[in-house]
Participant: 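Below is one structure. I have some questions about it.
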There are 2 protein chains.
Amino acid sequence: MNEGEGAVPHNAPRGAGIREVARQAGVSTATVSRVFNNADSVNLETRQRVMELAASLNYSPSPLGRNLVQGRSSLIGLLVPNLSFPLYGEMIRAVEDVLSAHGMSVLLASSHDDAVTETRAAHNLLRHAVDGGIVINSQAGSGLPTVRGMNWVQVAPELPTVPHRVELDNESGGRLAARELLRCGRRQLAYVGAAGRESADRERGFAAELAQAGLSYRRFMGDYSEASGLMAAETLLKQDGEPSPDGIFAAGDLMAAGVLRTLHLRGLRVPADVAVVGFDDAVIASLLYPRLTSIRQPADLMGQAAAELVLSLLAGRPRPPQIFAPTLVCRESTGPPDQHSPALLSSAAPSPAFSLLEEEP
Amino acid sequence: MNEGEGAVPHNAPRGAGIREVARQAGVSTATVSRVFNNADSVNLETRQRVMELAASLNYSPSPLGRNLVQGRSSLIGLLVPNLSFPLYGEMIRAVEDVLSAHGMSVLLASSHDDAVTETRAAHNLLRHAVDGGIVINSQAGSGLPTVRGMNWVQVAPELPTVPHRVELDNESGGRLAARELLRCGRRQLAYVGAAGRESADRERGFAAELAQAGLSYRRFMGDYSEASGLMAAETLLKQDGEPSPDGIFAAGDLMAAGVLRTLHLRGLRVPADVAVVGFDDAVIASLLYPRLTSIRQPADLMGQAAAELVLSLLAGRPRPPQIFAPTLVCRESTGPPDQHSPALLSSAAPSPAFSLLEEEP
DNA sequence: TTGTAGGCGTTATCAC
DNA sequence: GTGATAACGCCTACAA
């Protein structure tokens with residue numbers, strides 16, 4: 001954090017400024033400025049002369065001076081917990097698309113999933129006089145630093161004190177998962193979740209839908225990692241006295257990947273013996289074997305909405321929080337059970353058979 | 001691209017400035033400035049008074065004014081082809097880490113794999129007076145726009161006119177892949193590549209190593225997508241008269257995923273019948289089934305190096321291009337062949353058996 | 001339509 | 001150690 005380091009040589013030759021252009025064009029700096037801003041209010045001839053001269057001098061207005069006098073930077077801060085998490089990548093992409101299409105640029109920062117770092121990063125964004133900010137899954141929630149009416153938009157579940165928000169209806173995602181498993185005729189269900197509000201919401205929907213069908217379910221709490229998914233399936237299959245699950249809903253695709261792997265290793269077929277539903281529909285979902293049925297979180301649309309919301313706020317037009325509905329993306333990991341070999345295998349007797357789920361195209 | 005939109009209300013009340021602090025503290029603005037910069041050269045007592053006042057007025061120096069007078073912005077532009085490509089995510093993360101640790105911020109832009117968009121994005125970065133820029137796999141190569149000695153660092157294979165560069169030794173990656181397959185006793189090899197310089201380099205290394213062992217190989221050209229990997233394996237297995245391959249090197253993990261899937265569907269076991277090596281070692285590699293052996297591209301180190309290089313340039317200390325060596329990450333998709341059932345199955349007779357590669361922990 | 005002049009918030013160069 | 005003061009590059013009333 002040794003800012004600057006005295007490293008930057010600020011003796012770099014500055015290019016031609018507005019004054020030089022004005023002088024050579026025989027006009028005032030004001031006129032040059034107008035040419036680049038209110039192009040209308042200036043004589044066509046003068047304007048062309050200025051433009052040509054500017055081009056030949058390779059001049060364009062410095063954003064630094066402009067920022068200073070206007071008090072804004074055309075910069076939007078984007079604060080992300082983890083830059084290498086694929087779902088965030090999709091959001092970042094959508095945010096950048098929308099903002100750059102509106103002449104704004106994205107100042108990127110990462111919180112490394114850490115509240116202290118997040119605060120520091122937020123301050124850093126403010127230092128650069130961002131006109132607004134988007135923060136994904138904030139740790140601080142309403143505690144984000146702010147100045148002179150700074151506009152923060154959050155992509156996160158509801159928090160009482162955060163007015164500007166884009167969120168996913170996690171509960172209805174849980175419902176979709178339950179319905180899909182029920183549709184496939186599964187009755188022995190299990191939920192693989194994790195700590196935190198999102199998983200809780202997903203589970204609530206899942207449970208509600210099952211209750212409506214008069215069913216209960218077993219649960220295992222992991223941490224969104226593949227390893228915890230491995231362990232989850234391991235544990236669920238091992239429980240003596242209980243019937244082995246024939247349908248598993250994992251609150252994240254990575255955990256679902258772990259579940260699938262354990263099932264393979266146990267010799268259970270998917271979906272013949274056990275159906276699996278993931279959550280997020282990240283890129284990996286369709287690469288798993290079998291291709292994973294997942295509840296899609298429309299990260300692109302959410303990023304887009306967040307960007308549009310922040311632009312709205314800048315324009316002084318607040319919008320109500322926007323809630324996105326997840327959708328079911330049906331792939332190979334769900335389907336009808338195999339009637340001839342019900343999922344009652346002992347976990348001690350792995351079968352080498354693995355079902356082929358696709359014929360060649 | 002309707003810049004600004006007249007949307008931003010620039011009537012926002014500006015916070016207390018350096019003058020107000022100076023006035024209330026009974027000192028000059030110069031002293032206040034010194035307090036925040038050369039903290040040493042100011043009387044301890046005065047300094048404390050200023051600090052307290054600044055705190056109570058919630059004052060901190062405006063980067064805008066500072067930027068203007070110093071002619072730099074503490075911003076580094078980062079231009080990426082595709083923000084949702086996982087490997088780039090790792091690089092972006094590394095770049096942000098290094099730069100933020102040095103008090104610089106990251107201005108992010110995407111080229112959408114398009115040369116025109118890239119140029120526009122690069123200009124946009126220049127508009128914001130970035131002190132330097134990093135561009136990953138540039139389309140334009142040396143054609144990047146530049147002003148007043150702007151420093152661009154490229155993460156890309158060698159291009160004659162790009163002086164500041166971080167790159168991967170793709171050829172040696174190809175060698176590693178070949179060696180691993182040879183080590184596993186494979187003799188019927190195939191290369192699945194794609195258009196472009198990177199694939200060509202990887203293939204060159206692969207071919208060289210095989211030639212040294214007196215072997216030739218077959219090849220298929222895809223496009224880095226999973227679909228093209230599917231088709232590659234399909235094609236390679238179908239070639240009549242030729243022995244079926246027992247070792248496949250795919251120039252990208254996604255293509256390797258496609259290869260694996262086709263092998264599954266054909267009833268071929270991995271690695272018993274066919275060994276597979278991918279490239280990049282992206283996150284998905286270890287999620288595939290079986291877990292994919294891959295040539296690791298150290299995206300984190302490369303991002304870090306690019307960031308450090310741009311900082312060096314800013315400090316007036318150029319560095320020679322840095323070349324990174326890929327490494328072999330050995331997982332389950334390579335190993336000894338199964339002696340009892342050599343890989344000579346007809347592609348028309350898929351077997352339902354799928355080898356279990358892991359015992360439970 | 002154009003020019004004049006003041007100021008945005010800061011740092012840097014002098015003196016003292 | 002501190003204080004005037006002059007930039008930095010630009011925008012924008014206001015006046016012409």
Side-chain angles (χ1 to χ4, degrees), chain A residues 3-4 6 8-23 25-50 54 57-74 126-129 147-148, chain B residues 3-4 6 8-23 25-50 54 57-74 126-129 147-148:
Chain A
E3 177 179 340
V8 180
H10 48 274
N11 48 2
R14 306 192 181 214
I18 196 174
R19 271 184 277 270
E20 184 61 14
V21 176
R23 194 181 61 76
V27 298
S28 75
T29 63
T31 300
V32 176
S33 174
R34 277 188 280 260
V35 168
F36 282 89
N37 299 300
N38 328 311
D40 317 338
S41 72
V42 53
N43 183 298
L44 181 61
E45 191 181 326
T46 338
R47 190 181 139 209
Q48 284 194 336
R49 189 156 32 100
V50 170
L57 263 57
N58 195 19
Y59 166 84
S60 75
S62 155
L64 267 43
R66 174 181 288 170
N67 288 346
L68 180 61
V69 70
Q70 292 185 153
R72 61 193 163 92
S73 60
S74 300
L126 293 179
R127 280 191 41 238
H128 283 282
V147 291
R148 45 158 205 149
Chain B
E3 177 180 339
V8 181
H10 49 275
N11 48 5
R14 307 194 181 211
I18 197 173
R19 272 184 275 270
E20 184 62 14
V21 176
R23 196 182 60 76
V27 298
S28 75
T29 62
T31 300
V32 176
S33 175
R34 277 189 279 260
V35 167
F36 282 89
N37 298 300
N38 328 313
D40 318 338
S41 73
V42 55
N43 183 297
L44 182 60
E45 191 179 326
T46 340
R47 191 181 137 209
Q48 283 195 337
R49 189 154 34 98
V50 170
L57 262 58
N58 195 19
Y59 165 85
S60 74
S62 156
L64 267 42
R66 175 181 311 201
N67 289 346
L68 180 60
V69 70
Q70 293 187 152
R72 58 190 164 93
S73 61
S74 300
L126 293 180
R127 278 193 42 239
H128 283 283
V147 291
R148 43 156 206 149

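Because the structure is predicted, anything quoted here is derived from the model rather than measured. Lettering follows sequence order; numbering is per chain, from 1.
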Participant: Please identify each residue that fulfils side chain to side chain donor-acceptor pair (under 3.5 Å) with B:E20, with sequence neighbours left out.
Facilitator: B:R23, B:Q24
Participant: Can you tell me how far P of C:dA12 sits from CD1 of B:I18, to the nearest Å?
Facilitator: 11 Å
Participant: Using a cut-off of 4.0 Å on non-hydrogen atoms, how would the nucleic acid contact of A:V27 be classed: base, sugar-phosphate, or nothing?
Facilitator: sugar-phosphate
Participant: Rounded to the nearest 0.5 Å, what separates atom CZ in B:R49 from atom CG in B:L44?
Facilitator: 11.5 Å
Participant: Over how many whole Å does the gap from A:E20 atom CD to D:dC8 atom P extend?
Facilitator: 12 Å
Participant: State which of C:dA5, D:dA4, D:dC10 makes the closest approach to the side chain of B:S28.
Facilitator: D:dA4
Participant: Give me the bend of the helix from C:dT1-D:dA16 to C:dC16-D:dG1, using the axes of the five pairs at each end, rounded to 10°.
Facilitator: 30°
Participant: Taking atom CG of A:N43 and atom CD of A:Q48, what is their separation to the nearest 0.5 Å?
Facilitator: 9.5 Å
Participant: Looking only at the side chain of B:A30 (C-beta and beyond, no hydrogens), which of the listed nucleotides D:dA4, C:dT4, D:dC11 gets closest?
Facilitator: D:dA4
Participant: For the CD1 atom of B:I18 and the CG atom of B:L57, what is their distance to the nearest 0.5 Å?
Facilitator: 12.5 Å
Participant: Between A:T31 and C:dG3, is there a side-chain N or O to OP1/OP2 distance below 4.0 Å?
Facilitator: yes
Participant: Figure out the CD/P separation between A:Q70 and C:dG9, and round it to whole Å.
Facilitator: 13 Å
Participant: Show me the donor-acceptor pairs within less than 3.5 Å that the side chains of residues 58-65 of chain B make with the rest of the protein, sequence neighbours left out.
Facilitator:
from	atom 1	to	atom 2	distance (Å)
B:S62	OG	B:L64	N	3.0
B:S62	OG	B:G65	N	3.4

Participant: To the nearest angstrom, how far is A:N43 atom CG from C:dG3 atom P?
Facilitator: 11 Å
Participant: Please report the distance, rounded to the nearest Å, between CG in A:L64 and C1' in C:dG9.
Facilitator: 12 Å
Participant: From CG of A:L68 over to P of D:dG9, roughly how many Å is that when rounded to an integer?
Facilitator: 12 Å
Participant: Would you say B:T46 places a side-chain N or O within less than 4.0 Å of OP1 or OP2 belonging to D:dT2?
Facilitator: yes
Participant: Check the phosphate of D:dC11 against A:S33, side-chain N and O only, distance under 4.0 Å to OP1 or OP2. Yes or no?
Facilitator: yes
Participant: Of the candidate nucleotides D:dC10, D:dT2, C:dG9, which contains the atom at the shortest distance from the side chain of B:S62?
Facilitator: C:dG9
Participant: Both B:G65 and B:R34 contact DNA chain C. Which one's nearest nucleotide lies toward the 5' end?
Facilitator: B:G65
Participant: Starting at CZ of B:F36 and ending at C1' of C:dA12, how long is that distance when rounded to a whole Å?
Facilitator: 18 Å
Participant: Below the 4.0 Å mark, does C:dC8 have OP1 or OP2 next to a side-chain nitrogen or oxygen of B:R19?
Facilitator: yes
Participant: Round to the nearest Å and state the distance from B:N67 atom CG to C:dC8 atom P.
Facilitator: 18 Å
Participant: With A:S33, which residues qualify under side chain to side chain donor-acceptor pair (under 3.5 Å), at least two apart?
Facilitator: A:N37
Participant: Contact between B:N67 and A:N67 at the side-chain level, heavy atoms closer than 4.5 Å - yes or no?
Facilitator: no
